[in-house]
Novice: 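One structure, as structure tokens, below. Some questions next.
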Amino acid sequence: MKTLQSTLLLFLFVPLIKPAPPSQQDSRIISDYGTNNFEETLFSQDYEDKYLDGKSIKKKESIRIPDEKSFELQKDESTIPLSPKKENDEMPTCLLCVCLSGSVYCEEIDIKAVPPLPKESAYLYARFNKIKKLTAKDFADIPNLRRLDFTGNLIEDIEDGTFSKLSLLEELILADNQLLKLPVLPPKLTLFNAKRNKIKSRGIKANAFKKLNKLSFLYLDHNALESVPLNLPESLRIIHLQGNNITSITDDTFCKANDTSYIRDHIEEIRLEDNPIILGKYPNSFICLKRLPIGSYI
């Protein structure tokens with residue numbers, strides 16, 4: 001009887017017993033063997049929950065790629081023609097050259113003439129170009145010029161009136177050109193450099209330097225001079241005449257033949273080497289000098 005009661009109780013309680021849920025370890029095992037899509041879905045959902053909630057990260061801004069028409073429009077807008085150049089407008093020269101506080105640098109740009117300069121220009125550097133001629137019009141309206149440098153051009157001719165209005169000009173450099181003669185020089189020059197040209201003695205007027213009472217540096221070396229220029233001013237400190245065709249000098253070339261007490265105080269250097277002249281033949285020509293000229297004495 002007891003056995004029968006026990007069996008009945010077992011049948012009554014079995015439907016009430018439910019299987020236990022799988023453990024956490026079992027859950028991981030199931031997911032490990034799941035499909036790739038399943039993993040991606042879980043990761044995507046987790047990423048959106050954490051970061052794309054509208055608070056932690058901003059929405060990505062869409063990038064607009066311009067099409068061909070928009071590129072053409074931009075190109076057309078960037079190439080809008082400038083307004084016509086006004087009369088006396090100085091901007092083109094300062095675009096071609098470099099203008100800095102009264103100085104204009106037009107070097108190695110192959111210009112063939114002096115460009116229009118700003119009126120306040122004081123210094124012009126136009127070296128290593130293809131300029132062949134200088135005229136009075138080039139500097140007619142630029143009265144404040146103090147230095148002109150035309151080294152390394154092709155200058156063959158300079159009009160006599162070119163520098164007539166440049167009363168403040170102190171330095172004139174015409175080295176490495178094709179000059180055959182010198183123009184009229186402005187009165188306040190302190191430095192004149194015309195070395196390595198083709199200047200002959202007949203290309204220098206007798207009084208070319210006489211009134212230049214501030215001239216300190218004179219460079220006429222490597223030309224075609226047959227004699228030392230006449231009437232050199234008392235102010236000269238440096239005279240370079242080497243590399244010419246000078247064959248003789250006189251007692252009046254640097255000194256005064258009739259005044260044995262005369263001393264030329266300012267001259268520091270005279271260069272006459274590489275000329276067909278024996279300086280030892282003319283000892284009285286240097287009696288007024290503190291230093292003998294550089295050159296051959298034998």
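Worth knowing before you read on, the calculation uses all heavy atoms, side chains too, and leaves out hydrogens, waters and symmetry mates.
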Novice: Looking at Asn144 and Ser121, would you say the former's side chain and the latter's main chain have a donor-acceptor pair under 3.5 Å?
Specialist: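 Between the backbone of Ser121 and the side chain of Asn144 there is no qualifying donor-acceptor contact (under 3.5 Å).
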
Novice: How are the rings of Phe286 and Phe254 set relative to one another: parallel (under 30°), tilted (30 to 60°) or perpendicular (over 60°)?
Specialist: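 Aromatic pair Phe286/Phe254 classed tilted.
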
Novice: Do you reckon Leu100 sits in the same ILVMFWY cluster as Leu124, going by side-chain contacts under 4.5 Å, direct or chained?
Specialist: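 No; Leu124 is not reachable from Leu100 via cluster members.
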
Novice: Assigning hydrophobic clusters by single linkage (Ile, Leu, Val, Met, Phe, Trp, Tyr; side-chain heavy-atom cutoff under 4.5 Å), is Leu215 placed with Leu230?
Specialist: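 No: no chain of side-chain contacts under 4.5 Å links Leu215 to Leu230.
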
Novice: Checking the side chain of Asp176 only, and the main-chain atoms of Arg196 only, is there a donor and an acceptor separated by less than 3.5 Å?
Specialist: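 Absent.
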
Novice: Measure from the side-chain N and O atoms of Asp110 to the backbone N and O of Asn129, and report whether any donor-acceptor pair falls under 3.5 Å.
Specialist: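 No; zero donor-acceptor contacts below 3.5 Å.
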
Novice: Tell me, do Ile131 and Ile111 make a side-chain contact under 4.5 Å, heavy atoms counted?
Specialist: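 Contact flag for Ile131/Ile111 side chains = yes.
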
Novice: Quick check for you: to the nearest 0.5 Å, what is the distance between Phe163 atom CZ and Phe139 atom CZ?
Specialist: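 One finds 6.0 Å between CZ of Phe163 and CZ of Phe139.
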
Novice: Working note: Val114 + Leu134, criterion side-chain contact (heavy atoms from CB on, under 4.5 Å); need CA distance, chi angles, decisive distance, verdict.
Specialist: CA-CA 8 Å; Val114 178; Leu134 300 180; 3.7 Å; yes

Novice: Side-chain contact test, heavy atoms from C-beta onward, threshold under 4.5 Å: evaluate it for Cys255 versus Ser285 and give yes or no.
Specialist: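 Not in contact.
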
Novice: If you compare all heavy atoms of Lys188 against all heavy atoms of Ser167, which two are closest, and at what distance to 0.1 Å?
Specialist: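 Closest approach of Lys188 to Ser167, heavy atoms only: CD-O, 3.0 Å.
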
Novice: Ignoring hydrogens and angles, tell me if any N or O in the side chain of Thr190 forms a donor-acceptor pair with the backbone of Ser216 under 3.5 Å.
Specialist: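 Answer holds: no.
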
Novice: Hey, what do you get for SG (Cys106) to CZ (Phe128), rounding to the nearest 0.5 Å?
Specialist: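 Between atom SG of Cys106 and atom CZ of Phe128 there are 14.0 Å.
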
Novice: Check Leu96 against Ile109 and note the closest heavy-atom contact, atom names and distance.
Specialist: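 The answer is CG-CD1, 3.7 Å.
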
Novice: Which pairs of donor and acceptor atoms, one on a side chain in residues 220-228, lie under 3.5 Å apart (sequence neighbours left out)?
Specialist:
| from | atom 1 | to | atom 2 | distance (Å) |
| --- | --- | --- | --- | --- |
| Asn223 | OD1 | Asn197 | N | 3.2 |
| Asn223 | OD1 | Lys198 | N | 3.3 |
| Asn223 | OD1 | Ile199 | N | 3.1 |
| Asn223 | ND2 | Ala194 | O | 3.1 |
| Asn223 | ND2 | Leu220 | O | 3.1 |
| Asn223 | ND2 | Asp221 | O | 3.2 |
| Glu226 | OE1 | Ser201 | N | 3.2 |
| Glu226 | OE1 | Ser201 | OG | 3.1 |
| Ser227 | OG | Ser201 | OG | 3.3 |

Novice: Find the distance between CD1 (Ile277) and OH (Tyr297) and round it off to the nearest 0.5 Å.
Specialist: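 Separation between the atoms: 9.5 Å.
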
Novice: Treating Asn153 as the side-chain partner and Ala126 as the backbone partner, does any N or O pair qualify as donor plus acceptor under 3.5 Å?
Specialist: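 Yes: the side chain of Asn153 pairs with the backbone of Ala126.
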
Novice: Drop me the distance from Thr253's OG1 to Asn284's CG, to the nearest 0.5 angstrom.
Specialist: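 Those atoms lie 12.0 Å apart.
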
Novice: Identify, with sequence neighbours excluded, every residue that meets side-chain hydrogen bond (donor to acceptor under 3.5 Å, both in side chains) alongside Arg237.
Specialist: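 So Arg237 forms a side-chain hydrogen bond (donor to acceptor under 3.5 Å, both in side chains) with Glu268.
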
Novice: Start with the C-alpha gap between Arg271 and Glu269, add the side-chain angles, then the distance that decides, and say whether salt bridge (charged side-chain N to carboxylate O under 4.0 Å, His left out) holds.
Specialist: CA-CA 6 Å; Arg271 293 187 60 177; Glu269 179 180 89; 5.1 Å; no

Novice: Quick check for you: to the nearest 0.5 Å, what is the distance between Tyr123 atom OH and Leu148 atom CG?
Specialist: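 It is 11.5 Å, given to the nearest 0.5 Å.
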
Novice: For Arg127, check salt bridge (charged side-chain N to carboxylate O under 4.0 Å, His left out) against everything at least two apart and list the hits.
Specialist: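 Listed in chain order: Glu107, Asp149.
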
Novice: Without swapping roles, check the side chain of Thr93 against the backbone of Pro116 for a donor-acceptor pair under 3.5 Å.
Specialist: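 Yes: the side chain of Thr93 pairs with the backbone of Pro116.
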
Novice: Are Phe192 and Tyr219 connected in a single hydrophobic cluster, I mean Ile/Leu/Val/Met/Phe/Trp/Tyr linked by side-chain heavy atoms less than 4.5 Å apart?
Specialist: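 No, separate clusters.
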
Novice: Do NZ/NE/NH1/NH2 and the carboxylate oxygens of Arg146 and Glu170 come within less than 4.0 Å?
Specialist: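 Counted as a salt bridge, because a side-chain N and a carboxylate O are separated by less than 4.0 Å.
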
Novice: Kindly determine whether Ile173 and Leu191 satisfy side-chain contact (heavy atoms from CB on, under 4.5 Å), including the steps that lead there.
Specialist: CA-CA 8 Å; Ile173 304 173; Leu191 181 148; 3.9 Å; yes

Novice: Tell me if a side-chain donor or acceptor on Asp252 pairs with a main-chain N or O of Ala257 at a distance below 3.5 Å.
Specialist: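 Yes; judged by distance alone, with no hydrogens or angles, the pair exists.
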
Novice: Say whether, by atom type as modelled, one donor and one acceptor occur between the side chain of Asn231 and the main chain of Ala208 under 3.5 angstrom.
Specialist: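 Looks like no, no N/O pair under 3.5 Å.
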
Novice: Mind checking the CG-OG spacing from Asp274 to Ser296? Nearest 0.5 Å is all I need.
Specialist: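 So the CG of Asp274 and the OG of Ser296 are separated by 10.0 Å.
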
Novice: Got a donor-acceptor contact below 3.5 angstrom from the Asp259 side chain to the Ser261 backbone?
Specialist: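 Yes; judged by distance alone, with no hydrogens or angles, the pair exists.
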
Novice: Do the side chains of Asp265 and Lys290 get close enough for a salt bridge, i.e. N-O under 4.0 angstrom?
Specialist: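 Salt bridge flag = yes for Lys290 with Asp265.
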
Novice: Do the side chain of Asn193 and the main chain of Lys195 share a donor and acceptor less than 3.5 angstrom apart?
Specialist: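 Indeed, once roles are kept as given, a pair shorter than 3.5 Å links the two residues.
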
Novice: Return the minimal non-hydrogen interatomic distance between Leu232 and Phe209, and the atom names on each side.
Specialist: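 Heavy atoms only, the tightest pair is CD2-CD1, 4.2 Å.
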
